[in-house]
Amino acid sequence: MGEVLLDALIDTLIILPFLLAMNIIIELVEYKMSGKTGKALKGGFAPLIGTAVGIVPQCGFSVVATDLFSKKKIAFGTLFAVYIATSDEALPIMLSNPQGVVKVLPVLLIKICFALVVGYAAFGVEKLIERKSAKKTSAFDETNCGKIEINGESETVSHAHTDDGHDSTAHETVHAHGCHSHAMEEKPIGVIETKKQRAGRIWRVYFKHPILHTLEVIAYIFAVNVIFGLIVYYVGEDKLAEFMSSTGYLQPVLAALVGLIPNCAGSVIITELYVVGGLNLGGAVAGLSVGAGIAYAVLVKQCKPRDTAIVMTAMFVLSAVLGICVTACGY
């Protein structure tokens, strides 16, 4: 029991600096650029960058990507690329084993290619949907008040007719950060601040919310790590491994299910089985492509149920199909 709690605490603390640093950076940039970070993080290179950071052998970046996705800073395509490329504990385990060194290259190449294909495919679909949505928005009835959402910002547009027949349009913009929103706190015009007042304003505007938000997410991650750590502890990794190694052609599907476990235990089981020959390449690719570690727990907590269902279903189906195709090719 104590070992489970210690492992959960270590896994959680590893993610903490990544999440805190990213939240502070995003908050700083968001205030300086007045909401323009959405466009910057949704550009054409976003899936490529997502794939590159996902390769780093830990799930910290997948958690950060999930948090950014919940705030609408990155799109579906980038999130898919990060999730698929994420290897969690797989690479260190393979590289530390003489048998695994030879097996790591095909898994890594397949995951990178698959992440880029899925990421850019989703990116293209999103762009088409955005264009169609933009055309519908531009044709809305000018006699009514409308509320539109552009790049994660909610903008209310109201129209009032003046006596001369012209429209007087008022705009009110509220910057939304996924699960929270707050108004910009600017320095009052014409007011001279003391050093203490300025430090207090900087703390409130740039650091207070990111720190509180990070602590909230980290507490949730720790709880999930403990729960799934206890499940694996009492069920036993040996029983899970034995069950998966006896499933034959169903290996990719079952490996993909194991990969959905929001904990590093899934990637550890899949990798160790693959290294010793208990799992074929198709099963390993399926399980490690869908596996994004604790990020799935953050996805459930932070995002809308519809978005969560889309991401998890797509990840499972696509990864399982990929694994089945690799298995069918004799690997």
- prompt: If you look only at pairs with a residue in residues 215-230, which of them pass as a salt bridge (charged side-chain N to carboxylate O under 4.0 Å, His left out), with sequence neighbours excluded?
  reply: Glu216-Lys301
message: Measuring from atom CG of Leu116 to atom NZ of Lys111, what distance do you get when rounded to the nearest 0.5 angstrom?
response: 12.0 Å
Spacing of NZ belonging to Lys103 relative to OG1 belonging to Thr271, to within rounding of 0.5 Å: 11.0 Å
query: If only atom types and distance count, is the side chain of Thr308 paired as donor or acceptor with the main-chain N or O of Leu299 below 3.5 Å?
result: yes
- prompt: Which residues satisfy the side chain to side chain contact (heavy atoms under 4.5 Å, CB included) test with Ile10, sequence neighbours excluded?
  reply: Leu6, Ile14
- line: Residues joined to Leu128 in its hydrophobic cluster, side chain to side chain under 4.5 Å directly or through other members, sorted by chain and number, are none
message: Can a donor-acceptor pair be found, under 3.5 Å and without considering hydrogens, that links the side chain of Ser70 to the backbone of Asp67?
response: yes
field: Test side chain to side chain contact (heavy atoms under 4.5 Å, CB included) applied to Leu108 - qualifying residues, sequence neighbours left out
entry: Ile55, Leu91, Ile112
task: Sequence neighbours left out, what pairs pass salt bridge (charged side-chain N to carboxylate O under 4.0 Å, His left out) with at least one residue falling in residues 220-235?
output: none
query: Do side-chain atoms of Thr327 reach the backbone of Gly323 as a donor and acceptor pair under 3.5 angstrom?
result: yes
task: Sort and list the pairs that fulfil salt bridge (charged side-chain N to carboxylate O under 4.0 Å, His left out) and have at least one residue in residues 113-128, not counting sequence neighbours.
output: Lys127-Glu130
- line: Rounded to the nearest 0.5 Å, the CZ atom of Phe123 sits from the OG1 atom of Thr78 at a distance of 7.0 Å
statement: ring pair (Phe, Tyr, Trp, His ring centres under 6.0 Å) pairs touching residues 91-120, sequence neighbours excluded, are none
field: N/O donor-acceptor pair under 3.5 Å between Ser62 side chain and Ala292 backbone
entry: yes
query: Which ILVMFWY residues can you reach from Val117 by hopping between side chains whose heavy atoms are under 4.5 Å apart?
result: none
message: If hydrophobic residues (ILVMFWY) are linked whenever their side-chain heavy atoms come closer than 4.5 Å, directly or via other members, who joins Ile129 in its cluster?
response: Val125
- line: side chain to side chain contact (heavy atoms under 4.5 Å, CB included) filter on Leu9, not counting sequence neighbours, yields Leu13, Phe222
Listed partners of Ala297 passing side chain to side chain contact (heavy atoms under 4.5 Å, CB included), at least two apart: Tyr220, Val224, Pro262, Ile294
message: Under the criterion side chain to side chain contact (heavy atoms under 4.5 Å, CB included), I'd like the reasoning laid out for Ile84 against Met315: C-alpha separation, chi angles, the key distance, then a yes or no.
response: CA-CA 8 Å; Ile84 294 170; Met315 286 294 298; 3.8 Å; yes
- request: Could you check if a side-chain atom of Leu215 sits within less than 4.5 angstrom of a side-chain atom of Ile218, using non-hydrogen atoms only?
  value: no
- request: Please name all residues satisfying ring pair (Phe, Tyr, Trp, His ring centres under 6.0 Å) with Phe69, sequence neighbours left out, ordered by chain then number.
  value: Phe76
field: Flag side-chain contact, heavy atom, 4.5 Å: Tyr83 against Val311
entry: yes
